[in-house]
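Single-structure report; data block below.
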Amino acid sequence: KQEVTQIPAALSVPEGENLVLNCSFTDSAIYNLQWFRQDPGKGLTSLLLIQSSQREQTSGRLNASLDKSSGRSTLYIAASQPGDSATYLCAVHTSGTYKYIFGTGTRLKVLA
Amino acid sequence: GAVVSQHPSRVICKSGTSVKIECRSLDFQATTMFWYRQFPKQSLMLMATSNEGSKATYEQGVEKDKFLINHASLTLSTLTVTSAHPEDSSFYICSASRGGGGAKNIQYFGAGTRLSVL
């Protein structure tokens with residue numbers, strides 16, 4: 001049974017800092033992994049999708065990496081801004097299944 | 001491409017009423033659509049899977065008579081929460097997949113609907 005864990009659960013950083021969010025999963029047989037952003041009381045925004053054959057994906061200040069063999073993905077945020085404050089979720093699509101398994105998220109607060 | 005629209009984004013209703021949430025794939029045909037639910041401080045959990053023209057398949061513990069799912073076309077699925085009660089207050093999100101098997105089964109997610117039942 002796939003389990004997805006995100007560490008840390010919460011993180012506060014000063015503006016401008018580079019930071020790394022971690023996601024680990026127990027079953028390395030996956031189709032893909034997605035990183036999402038969820039703002040308080042609001043909806044979900046897909047940030048990056050990494051296919052199982054890929055090692056990383058980049059979008060602007062965001063870079064997501066995937067190490068399937070070790071069951072890990074990281075989301076790197078460069079030069080963080082207060083507007084980056086949100087909860088970041090990772091979700092894994094396990095091979096042979098039809099559903100994504102979500103982590104419980106990392107609540108990020110970037111202080112001005 | 002691959003945009004999924006969900007409506008409404010937020011709904012507040014009285015206990016005992018029914019609420020319908022729509023999920024549309026705007027620029028692709030979605031063979032399969034999925035409905036997830038998120039309770040406070042918990043992760044999103046799959047509720048049900050629907051294939052166009054077929055009855056939905058519900059995950060264990062999800063009441064199919066309470067959460068009615070209709071996937072009448074390749075671009076629209078609806079979730080109706082019948083006789084809603086305060087414990088149904090949650091964040092509901094849909095996703096859509098083109099199908100095709102294996103790694104092609106990427107799910108594209110809507111933004112979600114926050115339901116508050118008074």
Side-chain angles (χ1 to χ4, degrees), chain A residues 1-10 21-26 28-54 57 59 64 66 68 86-107, chain B residues 1-12 21 23 30-51 56-60 62 89-116:
Chain A
K1 179 187 171 187
Q2 179 75 271
E3 292 181 4
V4 180
T5 305
Q6 289 186 249
I7 294 172
L21 307 181
N22 297 293
C23 173
S24 61
F25 46 97
T26 54
S28 62
I30 65 171
Y31 290 137
N32 59 70
L33 180 148
Q34 291 198 50
W35 280 94
F36 298 87
R37 169 186 173 136
Q38 186 174 31
D39 291 280
K42 295 189 179 178
L44 217 61
T45 302
S46 179
L47 298 173
L48 289 164
L49 181 148
I50 311 179
Q51 297 277 21
S52 63
S53 58
Q54 297 174 324
Q57 283 286 326
S59 176
L66 174 65
K68 224 174 39 161
T87 295
Y88 291 81
L89 299 169
C90 76
V92 175
H93 191 178
T94 307
S95 299
T97 71
Y98 47 84
K99 60 185 171 184
Y100 277 75
I101 304 296
F102 283 79
T104 51
T106 294
R107 290 192 314 282
Chain B
V3 177
V4 175
S5 173
Q6 194 169 333
H7 179 80
S9 58
R10 185 175 181 94
V11 59
I12 301 171
I21 302 169
C23 179
T31 304
T32 309
M33 287 187 167
F34 305 81
W35 288 94
Y36 293 77
R37 176 172 56 182
Q38 181 185 40
F39 289 111
K41 299 189 187 300
Q42 295 184 30
S43 58
L44 283 148
M45 301 285 287
L46 182 68
M47 297 174 65
T49 303
S50 71
N51 291 295
T57 302
Y58 291 81
E59 295 295 294
Q60 193 171 11
V62 178
S89 298
S90 186
F91 180 66
Y92 294 87
I93 190 166
C94 72
S95 67
S97 169
R98 290 186 176 92
K104 295 179 183 178
N105 280 336
I106 296 172
Q107 291 179 28
Y108 302 96
F109 285 80
T113 297
R114 191 158 297 280
L115 170 64
S116 299

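Protein chains get the first letters and strands the later ones, always in sequence-line order, with residue 1 at the start of each.
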How far apart are the closest heavy atoms of Gly103(A) and Ser43(B), and which atoms are they?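 Closest pair (atom of Gly103(A), atom of Ser43(B), distance): O-CB, 3.2 Å.
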
Indicate the atoms forming the closest heavy-atom contact of Tyr36(B) with Tyr100(A), along with that distance.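 Reported closest heavy-atom pair: OH-N, 3.0 Å.
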
Side chain to side chain contact (heavy atoms under 4.5 Å, CB included) between Leu44(A) and Leu44(B): does it pass, once the steps are laid out? CA-CA 11 Å; Leu44(A) 217 61; Leu44(B) 283 148; 4.0 Å; yes

Measuring heavy-atom distances to chain B, does [X] have an atom under 4.5 Å in its side chain, in its backbone, in both, or in neither?
| X | answer |
| --- | --- |
| Thr104(A) | both |
| Ile30(A) | neither |
| Leu49(A) | side chain |
| Gln34(A) | side chain |

Chain A contact via Gln6(B) - side chain, backbone, both or neither, heavy atoms under 4.5 Å: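 Neither; nothing under 4.5 Å.
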
Chain A contact via Thr49(B) - which portion, at a heavy-atom distance below 4.5 Å: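 Only the side chain of Thr49(B) comes within 4.5 Å of chain A.
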
Step by step, would you call Gln51(A) with Ile106(B) a side chain to side chain contact (heavy atoms under 4.5 Å, CB included)? CA-CA 9 Å; Gln51(A) 297 277 21; Ile106(B) 296 172; 3.2 Å; yes

For Met45(B) and Lys99(A), what are the C-alpha separation, side-chain angles and deciding distance, and is it a side chain to side chain contact (heavy atoms under 4.5 Å, CB included)? CA-CA 9 Å; Met45(B) 301 285 287; Lys99(A) 60 185 171 184; over 6 Å; no

Chi angles and distances behind the side chain to side chain contact (heavy atoms under 4.5 Å, CB included) call for Phe102(A), Gln38(B): CA-CA 10 Å; Phe102(A) 283 79; Gln38(B) 181 185 40; over 6 Å; no

Heavy-atom neighbours of Arg107(A) CZ exceed 12 at 6.0 Å: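 Atom CZ in Arg107(A) is not packed in, count stays at 12 or less.
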
